[in-house]
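Worth saying up front: this structure is predicted, and the values here are computed from it rather than measured. Every chain is numbered from 1 and lettered A, B, ... according to where its sequence line falls, protein lines coming before strand lines.
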Amino acid sequence: GNSVTQMEGPVTLSEEAFLTINCTYTATGYPSLFWYVQYPGEGLQLLLKATKADDKGSNKGFEATYRKETTSFHLEKGSVQVSDSAVYFCALSDRKAGGTSYGKLTFGQGTILTVHP
Amino acid sequence: ETGVTQTPRHLVMGMTNKKSLKCEQHLGHNAMYWYKQSAKKPLELMFVYSLEERVENNSVPSRFSPECPNSSHLFLHLHTLQPEDSALYLCASSPSTGNNSPLHFGNGTRLTVT
């Protein structure tokens with residue numbers, strides 16, 4: 001079956017530090033990969049996505065590259081801000097050849113990020 | 001205003017109560033979803049509706065009953081819940097059910113079962 005594994009949190013950084021949150025996946029078909037972010041008291045928001053191998057998703061200074069050879073989709077940001085404090089979820093949507101996935105996302109367990117001034 | 005609106009934001013109910021969660025999307029999407037978010041567990045997909053037809057029921061207990069009267073509205077009817085059902089229930093929508101179609105989430109209903 002499909003699965004997503006994220007690095008254990010919580011992650012605590014100082015402002016302007018470099019961020020990496022690791023994500024690896026297992027999928028049986030042709031997955032698209034996503035990073036979602038959840039700010040306190042809110043639902044999840046799509047941060048970025050990549051739909052095929054070697055694609056790079058980017059948004060708000062965050063980047064992640066779809067690495068099929070290592071089945072990874074690590075999230076990076078060069079300089080974090082206090083406002084980046086949130087929970088980050090890696091997810092995949094798998095589609096077997098000739099089929100659909102009905103938007104069925106498989107999520108990782110989430111990584112809490114706290115950025116201090 | 002978020003494109004996906006959930007009400008109520010918070011709900012406390014006893015195990016013998018009957019209540020309903022409501023979700024409305026203003027994005028013109030064709031698919032809607034219920035997810036359950038429990039502490040320290042990955043999000044769990046509960047139900048998927050595509051054009052008002054249920055296309056997935058992810059082994060959810062019958063005490064949770066979804067209803068999708070049209071493509072803009074989704075309900076989750078609750079009855080005789082258990083304390084372990086306490087969680088954040090998230091509604092989401094997407095333009096279609098293709099795997100590249102990202103989900104748009106509401107802010108969730110925080111449910112506490114006493």
Are [Y] and [X] co-members of a hydrophobic cluster defined by side-chain heavy atoms under 4.5 Å apart?
X	Y	value
B:Met15	B:Leu111	yes
B:Phe105	A:Leu92	no
B:Tyr35	A:Phe89	yes
A:Phe62	A:Val4	yes
B:Val4	A:Val37	no

Check your understanding: Is it the backbone or the side chain of B:Gln37 that comes under 4.5 Å from a heavy atom of chain A, or both, or neither?
Key -> side chain

Check your understanding: Which bit of A:Gln6 comes within less than 4.5 Å of chain B, counting heavy atoms only: side chain, backbone, both or neither?
Key -> neither

Study note, to complete from the structure: Bottom line for A:Tyr39: the part with an atom under 4.5 Å from chain B's heavy atoms is neither

**Study point:** Residue of the set A:Leu44, A:Leu105, A:Leu46 for which side chain to side chain contact (heavy atoms under 4.5 Å, CB included) holds with B:Leu103
**Key:** A:Leu105

Review point. Given A:Gln38 and B:Leu43, is the side chain to side chain contact (heavy atoms under 4.5 Å, CB included) satisfied, shown in steps?
Key: CA-CA 12 Å; A:Gln38 185 177 31; B:Leu43 272 77; 5.8 Å; no

**Study point:** Donor-acceptor under 3.5 Å (B:Arg9 side chain, A:Gly41 main chain)
**Key:**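 Such a contact is found between B:Arg9 side chain and A:Gly41 backbone.
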
Practice item. Can you establish whether the number of heavy atoms outside A:Glu15 located under 6.0 Å from its atom CD is more than 12? Key: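 Result for CD/A:Glu15: enclosed.
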
Revision key, fill the gap. Minimal heavy-atom distance between B:Pro42 and A:Phe107, with the atoms involved, is CB-O, 3.6 Å

